[in-house]
Structures are given as C-alpha cells and as structure tokens.
> 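First, the structure itself, so that you have it in front of you.
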Amino acid sequence: MSMNNTSTVKSNEYGLSARELEVLHKLASGLRNQDIAEALFLSEGTVKNYISSTYSKLQVKGRREAARIARDSGILDHK
C-alpha cells in the first residue's frame with residue numbers, strides 16, 4: 001500500500017485492517033452477519049470478531065453508529 005494514496009490514509013485513520021474495512025462496507029450496506037460471512041468466505045464467528053474489533057476501533061456500540069461514522073469520515077468512499 002502506498003502512503004501517498006489519500007483514500008488509504010483516510011480509511012486507516014481509525015487503524016482498521018483491510019478485512020475490517022471490507023466487513024464495515026458490507027455492514028454499512030445493510031448485510032446481516034451471515035450474508036457478510038458468505039460474501040467474504042468467512043465463518044459467521046469470524047465476522048462477529050471483525051465487527052467487534054471494528055466497533056472498538058471506531059468507539060461505537062452498534063451497526064447504525066458504525067455505518068454513520070464510516071460515511072461521515074469518508075471510509076465508505078474508498079473502494
């Protein structure tokens with residue numbers, strides 16, 4: 001990853017891993033944990049772990065709040 005890419009830097013202002021970002025994108029799109037797991041070829045338990053660590057890094061308690069922060073911070077603009 002190039003540090004010159006502003007979207008990469010912006011995406012990582014919360015220290016999210018690439019996989020956490022993928023899970024956050026799916027979560028913010030309204031997918032359920034089971035759907036996220038199938039889309040990313042992970043177990044549902046693994047998805048829950050990623051969601052939990054993402055909530056911790058974003059300092060939120062739920063999906064709606066996480067999605068709002070992701071939108072407001074521009075994380076969702078990054079593909």
> Where is the tightest heavy-atom contact between Arg63 and Ile51, given as atom of each residue plus distance?
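Closest pair (atom of Arg63, atom of Ile51, distance): NH1-CD1, 4.1 Å.
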
> Look up atom CG in Asn49 and atom CG in Leu42, then write down how far apart they are to the nearest 0.5 Å.
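Separation between the atoms: 10.5 Å.
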
> Roughly how far, to the nearest 0.5 Å, is CG of Leu16 from CG of Leu21?
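CG of Leu16 is found 5.0 Å from CG of Leu21.
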
> Measure the spacing between OH of Tyr14 and OG1 of Thr54 and express it to the nearest 0.5 Å.
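Result: 12.5 Å between the selected atoms.
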
> Any sub-3.5 Å donor-acceptor pair from Ser29's side-chain atoms to His25's backbone N or O?
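Side chain of Ser29 to backbone of His25: a pair is present.
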
> Is any side-chain heavy atom of Tyr50 closer than 4.5 Å to a side-chain heavy atom of Leu27?
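Side chain of Tyr50 against side chain of Leu27, heavy atoms only: no contact under 4.5 Å found.
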
> Measuring from Leu24:CG to Leu58:CG, what's the distance to the nearest 0.5 Å?
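The CG atom of Leu58 is 6.0 Å from CG of Leu24, to the nearest 0.5 Å.
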
> Hey, are the side chains of Glu65 and Tyr55 touching, using non-hydrogen atoms and a 4.5 Å cut-off?
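A side-chain contact under 4.5 Å is absent here.
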
> Please round to the nearest 0.5 Å and tell me the distance separating atom NZ of Lys26 and atom CD of Glu38.
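If I round to the nearest 0.5 Å, the distance is 12.0 Å.
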
> Side-chain contact test, heavy atoms from C-beta onward, threshold under 4.5 Å: evaluate it for Leu40 versus Val47 and give yes or no.
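Sidechains of Val47 and Leu40: no contact.
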
> Identify, with sequence neighbours excluded, every residue that meets salt bridge (charged side-chain N to carboxylate O under 4.0 Å, His left out) alongside Glu22.
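Salt bridge (charged side-chain N to carboxylate O under 4.0 Å, His left out) list for Glu22, sorted by chain: Arg19.
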
> Is a side-chain donor-acceptor pair under 3.5 Å present for Ser53 with Ser56?
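No.
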
